[in-house]
Amino acid sequence: MTSNVQSPDKATLDQVLSRIAALAPMVARLAPDIEQGRRLPAELVSALRSARIYGMLVPRRYGGLELDAPSTFRVVSALAKLDGSVGWNAMIGHLGSLMPFLVSRAFCEEIFQDGKDHIFAGSGQPAGKAERVRGGWRVSGSWPFASGCQNAEWIAGTCVMMEGGSPIDSPDGPGPMTRTCLMPAERWEIRDTWYTVGLKGTGSHHVALTDALVPDESFFEFPFGASFASDPIFGKFAEVLVLSHGAVAVGIAEGAITDLVELAREGVTQLFMTTPLVETERFKEGLARLDADLMAARALLEAQIARVWQNPERATAKGLARVAEQLQAVVWITSACVRVAESCFELAGSRAVYESSSLQRRVRDLRVAAQHFAAQPRNYVTAGAAVLARLS
C-alpha cells in the first residue's frame, strides 16, 4: 500500500489546529489542576483524544491521521504554547503511538484493530533487567520519567538483556544489548515520584515491574529499531524523536512572549517610572530582541525537521552519531528558548513572581525541559565530533 505521509492533508492539519485553538479556554481553566494534580486531568485527556493528537503520525490504514512530522511539530508547539505540560505529553503521546510499529505487524494489528487512537508512555533509560527464561524473559526494574503513565493504555521500559546472570553482548558494538518491552498499563506499578520544579503536570512518575514474565514478541529496539512498515517516519524515528523536544521548547517560549505582551498591555507602570511599561524604549527593544531569538529558534527547528523529512534515504545507522546534528540543534534551540522565557520574566517585573502568573510557570517548565538528555549541552561533544568529520 502506498503511503501519503509525504503529501499530508493540509485540511486535516488545519482541522487539528482549529481544535487546539478551541481547547485554549479549557486548558486555562484547568491550569491549577494540572499543576496541583501533577498530571493531565481526564477531561483534558479526553479532549486531546477527540482532537486526534495521539493518532497524528499513525498511518491511515491503522486508523490514524498520517500527518508528516513537520505538521505534528506545529501541533505540539501550539499545545506547548497553551501549557508546557500539555505540549510535553502531546509530544510523548503522539510519538509513543509509533512504538508498536517497531515490535511487529501482528502486535500493531492487535492494538489498532479497533481503529481508535491509543495512549502510550514509557522510559528509554535502560533501568531494568530482563533475564532469559523458559517462555520469554523475567523482567524487573524501576524506570524514571514515564510521562503520561497515569493516562496510558500501554507502557514501555528499556532493559539490559541478561542470560545466566550476565549481560548479553550488544550485536552493534561494545556494551550490553538493550531492548524495550511494551505491555498493557495494568501490568505496571506506578510509583508516585513526580515532585518537581517544572513540567509538573506531565505525570512523569517512575513505573516498575517485579519478576514479570514478558514474551519475546513484546520486545523491540528503541529508538533505532527497524519497522516492518515502509512509511517514511520509520526510517527517521530517532531523528524526529530528538527534534520533537525543540517543538515543545519553541511553543513554551512563544507562550512566554505572549504572556509578557498581555501583561504589559494591562497598563503596568513599574516602580519609580511615569511611563507605562509597554511604551518604554527598554520594553520595545527587549521585546524585539526576544522575538528575534524566538524566530531564530523556530527557523532552525523547521529547517532541521524539513531536512530530515525530505531526505529520501531511510537511515539505518545506530547510536548517537546518527542523530548528532539533531542533538546539536535541540541543545541550541532549548537554550535559546530558556533565555527568551527568563528575559520575559525579567522584563515583566514583580507581577510575574506570583503563582497566578503563567509566565513564571513557563520559566520553570523550560528549565526542566532543558534537563532532558536530548537538550543537554554535553551533546555538543557528539555534535563536535560530527562537525570535525564533516570538515575533514
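Throughout, residue positions are numbered sequentially from 1 according to the sequence presented.
Note that CG of D117 and OG of S50 are 9.5 Å apart. Values are rounded to the nearest 0.5 Å.
Proximity of a side-chain donor or acceptor of T334 to a complementary backbone N or O of A375 within less than 3.5 Å is not detected. With hydrogens and angles ignored, the 3.5 Å screen pairs no side-chain donor or acceptor of S335 with any backbone N or O of W332. Listed for the H372 side chain is no donor-acceptor partner under 3.5 Å among the backbone atoms of V368. At least one donor-acceptor pair closer than 3.5 Å links the side chain of S123 to the backbone N or O of P144. Judged by distance alone, the side chain of T202 and the main-chain N or O of N89 form no donor-acceptor pair under 3.5 Å.
Within 6.0 Å of CZ in R74 there are 12 or fewer heavy atoms belonging to other residues, nucleotides or ligands. For E355, the CD atom counts as loosely surrounded, since its 6.0 Å shell holds 12 or fewer non-hydrogen atoms of other residues, nucleotides or ligands. Counted within 6.0 Å of CD on E346, heavy atoms from surrounding residues, nucleotides or ligands total 12 or fewer; the atom is thus considered open. The 12-atom threshold is not exceeded at CD of E281, counting heavy atoms of other residues, nucleotides or ligands nearer than 6.0 Å. Residue F145 places its CZ atom among 12 or fewer non-hydrogen atoms of other residues, nucleotides or ligands, all under 6.0 Å distant.
Using a 4.5 Å heavy-atom cutoff, the side chains of R314 and F234 are in contact. Residues C108 and V103 fail the side-chain proximity criterion, which asks for heavy atoms closer than 4.5 Å. In this structure, the side chains of V353 and F345 come closer than 4.5 Å at one or more pairs of heavy atoms. Side-chain contact between R361 and D83 is present, with at least one heavy-atom pair separated by less than 4.5 Å. Proximity of S204 to L199: side-chain heavy atoms (C-beta onward) are nowhere separated by under 4.5 Å. Counting heavy atoms from C-beta outward, Y62 and P100 have side chains that stay 4.5 Å or more apart. With a 4.5 Å cut-off on side-chain heavy atoms, L320 and F373 count as touching. At a threshold of 4.5 Å between non-hydrogen side-chain atoms, the residues I111 and F120 count as touching.
Under the 30°/60° scheme for interplanar angles, the aromatic rings of W188 and W143 are found to stand perpendicular.
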Exercise for the section: Take F112 and F101 through the test ring pair (Phe, Tyr, Trp, His ring centres under 6.0 Å) and record every step on the way to the result. Expected result: CA-CA 11 Å; F112 293 110; F101 293 88; 5.6 Å; yes
Practice task
Check the pair R367, Q371 against side chain to side chain donor-acceptor pair (under 3.5 Å), reporting the backbone distance first and the verdict last.
Solution key: CA-CA 7 Å; R367 271 298 177 188; Q371 294 297 98; 5.8 Å; no
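Using a 4.0 Å cut-off between charged nitrogen and carboxylate oxygen, E153 and K116 do not count as a salt-bridge pair. Classification of K129 and E131 as a salt-bridged pair fails, no side-chain N sitting under 4.0 Å from a carboxylate O. In this structure, R29 pairs ionically with E43, as a charged nitrogen and a carboxylate oxygen lie closer than 4.0 Å. A salt bridge is absent between D293 and R339: the closest approach of a Lys/Arg side-chain nitrogen to an acidic carboxylate oxygen does not fall below 4.0 angstrom. Note on K236 versus D68: no salt bridge recorded, every NZ/NE/NH1/NH2 to OD/OE distance being 4.0 Å or above.
Side-chain heavy atoms closer than 4.5 Å link hydrophobic residues (I, L, V, M, F, W, Y) into clusters, and following such links, possibly through other members, connects V363 to Y354. Hydrophobic clustering, with ILVMFWY side chains joined whenever heavy atoms are under 4.5 angstrom apart, groups L182 together with I233. In terms of hydrophobic clustering, with Ile, Leu, Val, Met, Phe, Trp and Tyr side chains grouped at heavy-atom distances under 4.5 Å, L300 and L366 are assigned to a common cluster. In terms of hydrophobic clustering, with Ile, Leu, Val, Met, Phe, Trp and Tyr side chains grouped at heavy-atom distances under 4.5 Å, M161 and F220 are assigned to different clusters. Cluster annotation: W154 is not connected to V207 through the hydrophobic network of ILVMFWY side chains, with a link wherever side-chain heavy atoms come within less than 4.5 Å.
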Donor-acceptor pairs under 3.5 Å, side chain of residues 15-25 to any protein atom, not counting sequence neighbours: which ones?
{"unit_1": "Q15", "atom_1": "OE1", "unit_2": "R19", "atom_2": "NH2", "d": "3.4"}

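In this structure, R38 forms a cation-pi arrangement with Y195, its terminal cationic atom sitting closer than 6.0 Å to the ring centre and no more than 45° off the ring axis.
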